[in-house]
2 protein chains.
Amino acid sequence: MLGLMASPKPYRAPVLADVARAADVSVPTVSRVLNGSKYVAPDLAQRVNEAVQALGYRPNGAARSMRSGRRTLVSVLAGATANYGYARTLQGVETAARRAGMSVSITVVESGEDEHVRAAIDLTLAQPTAGVIVLEFDRAGINAAKALPEGLPVVVAGGGSRRTGQVPAALIDERAAGRQATEYLLHLGHRTVHHIAGPTEGKHSGRTDGWRAALTAAGAPAPQIMRADWDASAGYRWGERIAGMSDVTAVFCANDDIALGLMRALSDRGIDVPRDISVIGFDDQPLVALWRPSLTTVDQDFEDLGARAFGLLSQVIGGEPDAASSVKAPQLVVRESTAPPKG
Amino acid sequence: MLGLMASPKPYRAPVLADVARAADVSVPTVSRVLNGSKYVAPDLAQRVNEAVQALGYRPNGAARSMRSGRRTLVSVLAGATANYGYARTLQGVETAARRAGMSVSITVVESGEDEHVRAAIDLTLAQPTAGVIVLEFDRAGINAAKALPEGLPVVVAGGGSRRTGQVPAALIDERAAGRQATEYLLHLGHRTVHHIAGPTEGKHSGRTDGWRAALTAAGAPAPQIMRADWDASAGYRWGERIAGMSDVTAVFCANDDIALGLMRALSDRGIDVPRDISVIGFDDQPLVALWRPSLTTVDQDFEDLGARAFGLLSQVIGGEPDAASSVKAPQLVVRESTAPPKG
DNA sequence: AGATCGGGGGAAAACGTTATCATCTGAAGT
DNA sequence: ACTTCAGATGATAACGTTTTCCCCCGATCT
């Protein structure tokens with residue numbers, strides 16, 4: 001009859017009442033001990049701690065957060081996770097959150113379409129979240145930030161040079177960086193600088209703005225913007241076309257992947273970087289320093305961005321009235337892919 | 001006196017009772033409508049839905065999960081997040097979870113030290129989690145998997161060729177891949193294959209095992225293993241030494257970063273890949289195809305790994321008795337960095 | 001010695017939801 | 001016309017915790 005026996009213990013996780021019984025104290029006392037309240041006798045506290053150990057008790061997070069109203073989960077909404085910038089920013093958020101005793105959840109917004117935005121938000125808010133950090137690197141993130149309900153603590157992390165709307169933001173000043181990169185190329189003696197931009201993100205991108213500003217300030221002609229997706233293959237395809245253009249001597253790419261794809265295409269066609277054409281990327285992924293030629297690029301401190309975003313969210317959650325946006329300027333890293341023009 | 005006025009509405013998120021009042025129905029009825037129960041009159045349902053819309057009501061996840069016992073959060077424990085393999089696996093988990101209507105939380109285990117392991121587990125289990133996926137790519141993950149309490153749904157995702165302990169696992173057969181890569185080099189005519197391994201992970205690594213098995217099967221001599229960290233600089237340092245070794249004609253690297261660092265070091269010393277030395281990597285990061293020469297490597301389907309891990313966890317949570325581990329073999333991708341030896 | 005005070009601890013309420021149970025209605029079956 | 005039944009709804013309990021309230025006690029003060 002063994003096979004028909006009901007399982008003897010369906011294993012129920014121990015709860016506060018079990019601990020209280022084992023320690024022969026009341027339920028609130030156990031709670032007090034666990035939450036480090038003073039006003040509890042040492043011997044009782046010890047009995048409780050022993051019972052907790054013995055039973056392997058873990059507080060039920062749902063019950064805890066429901067009753068106390070305290071939330072220990074922060075949610076990240078992002079258009080992607082595995083791309084370098086996203087992943088590093090997420091890492092920065094996670095590290096900061098962990099040090100503060102909070103957990104991080106991540107939800108991907110598949111696209112900027114209403115449907116995807118709404119689905120992601122619904123999923124995120126189904127958890128008892130203390131607040132939301134939106135990675136505003138793409139349209140999905142931008143739309144998600146707009147669609148979040150009022151009254152919920154929200155901060156944005158992104159590449160603008162100033163705050164977007166009313167939401168506090170941790171920012172990287174892409175505009176300044178784009179300008180600096182372009183100015184560097186002009187300073188080397190290039191007549192103008194071509195630009196491969198990322199997919200259009202609403203009105204403008206800071207990188208593109210900075211590029212244009214530098215050209216205007218220097219009185220240099222602004223060539224037509226070349227649009228590309230974020231990945232290397234898009235850079236490669238533009239490289240094929242640029243190889244046939246005689247007037248291009250310097251290219252500022254919206255990210256490292258595009259730059260590497262471009263360089264490979266040029267290399268495949270016998271065009272030398274940086275002798276024939278200079279190339280600058282954006283992000284400073286670890287591998288680009290190994291490239292031949294190593295890539296001149298803009299170092300964005302994504303981890304710091306994530307940490308700042310979390311800090312800001314903490315302030316907002318804490319109700320601090322002057323939760324101020326922060327902006328940090330990325331840094332140009334000069335390597336081998338840039339040089340004065342041939343002439 | 002304006003400055004001294006108490007804020008008029010401290011904003012309390014609407015709850016079920018508010019909706020019920022607005023729709024003039026009972027609280028349970030609202031719950032029924034929201035959970036799609038039948039047995040509710042169409043006109044009532046509509047009133048409820050309108051009230052939900054009007055008030056912007058969102059169910060309180062904590063209360064919901066406490067009462068129903070249903071959990072909609074799965075937790076990922078990992079030794080890192082931003083590295084390519086980790087990030088892609090996490091992406092796979094997130095996508096699968098989102099499709100299943102579940103959220104994902106991520107906690108980094110800083111090291112294999114007891115202290116860090118315990119801290120990470122405590123943090124994770126403070127959330128009302130339905131189950132845990134441990135990324136067993138390093139010692140931190142391995143130790144975390146061991147230290148998780150009994151009775152909690154746990155699965156492992158990693159690179160073993162068979163299950164570790166009693167925990168169901170989604171695996172990538174690194175051993176088979178290591179063997180295949182090594183056999184390919186031998187097949188090209190190399191007398192033996194050198195190997196740069198990752199940091200020692202307990203007893204062994206599947207990649208290293210496969211390498212050794214291939215050499216043994218072919219009767220080739222097994223050179224001393226070269227140990228390295230996972231990053232490119234470690235590969236570079238080995239490259240500096242390998243440049244001075246005359247007997248090295250082929251190197252199998254434990255990951256792509258190491259391989260790229262190695263290739264750069266060799267290139268810096270005028271050693272041609274693949275003419276003088278063949279190099280194989282492991283992971284197939286997107287950029288390695290752009291390298292010059294493009295890298296022969298092993299494609300690991302990390303996203304699929306994450307998806308399988310989530311599927312497995314779902315089964316475990318659902319109480320399916322035969323939640324079977326799955327193993328998938330990665331694939332060798334032949335590119336330009338491998339060739340027959342000179343002689 | 002009686003009033004006062006504050007540490008220590010238990011009883012009970014409360015959080016917002018879902019599950020159980022009971023009740024009510026109207027239609028179908030005799 | 002009287003039961004029967006199923007659909008529809010509300011009252012109430014329950015989940016596991018924290019918070020509030022109150023009582024007890026011994027120590028200190030008049």
Side-chain angles (χ1 to χ4, degrees), chain A residues 10-49 51-52 55-73 122 125-130 151-152, chain B residues 10-49 51-52 55-73 122 125-130 151-152:
Chain A
Y11 182 70
R12 197 180 53 88
V15 299
L16 219 44
D18 300 321
V19 177
R21 203 172 309 120
D24 193 30
V25 295
S26 74
V27 167
T29 297
V30 180
S31 175
R32 276 189 278 261
V33 172
L34 263 48
N35 294 305
S37 154
K38 47 198 180 213
Y39 303 153
V40 71
D43 57 324
L44 277 200
Q46 185 178 345
R47 288 220 307 273
V48 167
N49 283 323
V52 165
L55 295 172
Y57 168 78
R58 301 255 173 196
N60 178 318
R64 178 172 264 189
S65 103
M66 191 188 83
R67 173 61 240 215
S68 72
R70 276 190 289 278
R71 308 264 174 105
T72 58
L73 184 69
D122 285 349
L125 297 188
Q127 299 300 325
T129 185
L152 178 76
Chain B
Y11 181 70
R12 200 179 51 87
V15 299
L16 220 46
D18 299 321
V19 177
R21 201 172 311 120
D24 193 30
V25 295
S26 73
V27 168
T29 297
V30 180
S31 175
R32 276 189 279 260
V33 171
L34 264 46
N35 294 304
S37 154
K38 47 201 182 217
Y39 302 151
V40 75
D43 56 326
L44 276 202
Q46 185 177 344
R47 287 220 308 274
V48 168
N49 283 323
V52 166
L55 296 172
Y57 167 78
R58 301 257 173 192
N60 178 318
R64 181 172 262 189
S65 102
M66 192 188 82
R67 173 62 239 215
S68 71
R70 276 189 288 278
R71 308 254 173 116
T72 58
L73 184 68
D122 285 349
L125 296 188
Q127 299 300 325
T129 185
L152 177 76

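Every chain is numbered from 1, with letters handed out A, B, ... down the list of sequences.
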Which nucleotide wins on minimum distance to the side chain of [X], given the candidates [options]?
| X | options | value |
| --- | --- | --- |
| A:Ala63 | D:dT17, C:dG10, C:dA19 | D:dT17 |
| B:Ala41 | C:dT18, D:dG16, D:dA8 | D:dA8 |
| A:Arg67 | C:dA14, C:dT20, C:dG10 | C:dA14 |
| A:Ser68 | D:dT18, D:dT17, C:dT18 | D:dT18 |
| B:Arg70 | C:dG10, D:dG16, C:dA19 | C:dA19 |
| B:Leu16 | C:dG9, C:dT18, D:dT18 | C:dT18 |
| A:Pro28 | C:dA12, C:dG16, D:dT17 | C:dA12 |
| A:Arg64 | C:dT18, D:dG10, D:dT17 | D:dT17 |

Represent DNA chain D in dot-bracket notation, 5' to 3'. Only Watson-Crick or G-U wobble pairs with both distances under 3.5 Å count; pseudoknot-style crossings use [ ] and interstrand partners use |. ||||||||||||||||||||||||||||||
Specify the closest pair of heavy atoms between [X] and [Y], including all atoms of both residues, with the distance to one decimal.
| X | Y | value |
| --- | --- | --- |
| B:Val15 | B:Tyr57 | C-CE1, 3.6 Å |
| B:Arg71 | A:Asn60 | NH2-ND2, 3.9 Å |
| A:Ala23 | A:Ala51 | CB-CB, 4.0 Å |

Distance check needed: [N] [atom2] versus [X] [atom1], whole Å only.
| X | N | atom1 | atom2 | answer |
| --- | --- | --- | --- | --- |
| B:Arg32 | C:dT20 | CZ | P | 12 Å |
| B:Leu44 | D:dG10 | CG | P | 7 Å |
| B:Asp24 | D:dG10 | CG | C1' | 12 Å |
| A:Arg71 | C:dG16 | CZ | C1' | 11 Å |
| A:Asp18 | D:dG16 | CG | C1' | 11 Å |
| B:Leu34 | C:dT18 | CG | P | 7 Å |
| B:Arg58 | C:dT17 | CZ | P | 13 Å |
| A:Asp43 | C:dG9 | CG | P | 7 Å |

Between A:Leu16, A:Leu34, A:Val33, which is the residue that forms a side-chain contact (heavy atoms from CB on, under 4.5 Å) with A:Val52?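 So, applying the side-chain contact (heavy atoms from CB on, under 4.5 Å) to A:Val52 and each of A:Leu16, A:Leu34, A:Val33, only A:Leu34 qualifies.
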Decide yes or no for B:Thr72 and B:Ser65: does some side-chain heavy atom of the first lie under 4.5 Å from some side-chain heavy atom of the second?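 When only atoms from C-beta onward are counted, B:Ser65 and B:Thr72 do not touch, as no gap falls below 4.5 Å.
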Start with the C-alpha distance between A:Thr29 and A:Arg32, add both sets of side-chain angles, then the distance that settles side-chain contact (heavy atoms from CB on, under 4.5 Å), and finish with yes or no. CA-CA 5 Å; A:Thr29 297; A:Arg32 276 189 278 261; 3.8 Å; yes
Set out, in order, the CA-CA distance, both residues' side-chain angles and the distance that settles side-chain contact (heavy atoms from CB on, under 4.5 Å) for B:Leu152 and B:Leu125, then state yes or no. CA-CA 10 Å; B:Leu152 177 76; B:Leu125 296 188; 3.7 Å; yes
Relative to the 5' end of DNA chain D, which residue comes earlier, B:Val40 or B:Met66, by the nucleotide with the nearest heavy atom?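 It is B:Val40 whose nearest nucleotide is closer to the 5' end.
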For A:Asn35 and D:dT18, is the shortest distance between a side-chain N/O and OP1 or OP2 below 4.0 Å?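 Checking A:Asn35 against D:dT18: at least one side-chain N or O falls below 4.0 Å of OP1 or OP2.
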So, is B:Ser26 near the phosphate of D:dT9, with a side-chain N or O under 4.0 Å from OP1 or OP2?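 The answer is no; no side-chain N or O of B:Ser26 sits under 4.0 Å from OP1 or OP2.
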With heavy atoms under 4.0 Å as the rule, sort B:Thr29 into base, sugar-phosphate or nothing.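 Sugar-phosphate: the residue B:Thr29, judged by heavy atoms under 4.0 Å, touches backbone atoms but no base.
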Could I get the full list of side chain to side chain donor-acceptor pair (under 3.5 Å) partners for A:Asp18, not counting sequence neighbours?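 Here the qualifying residues are A:Arg12, A:Arg21.
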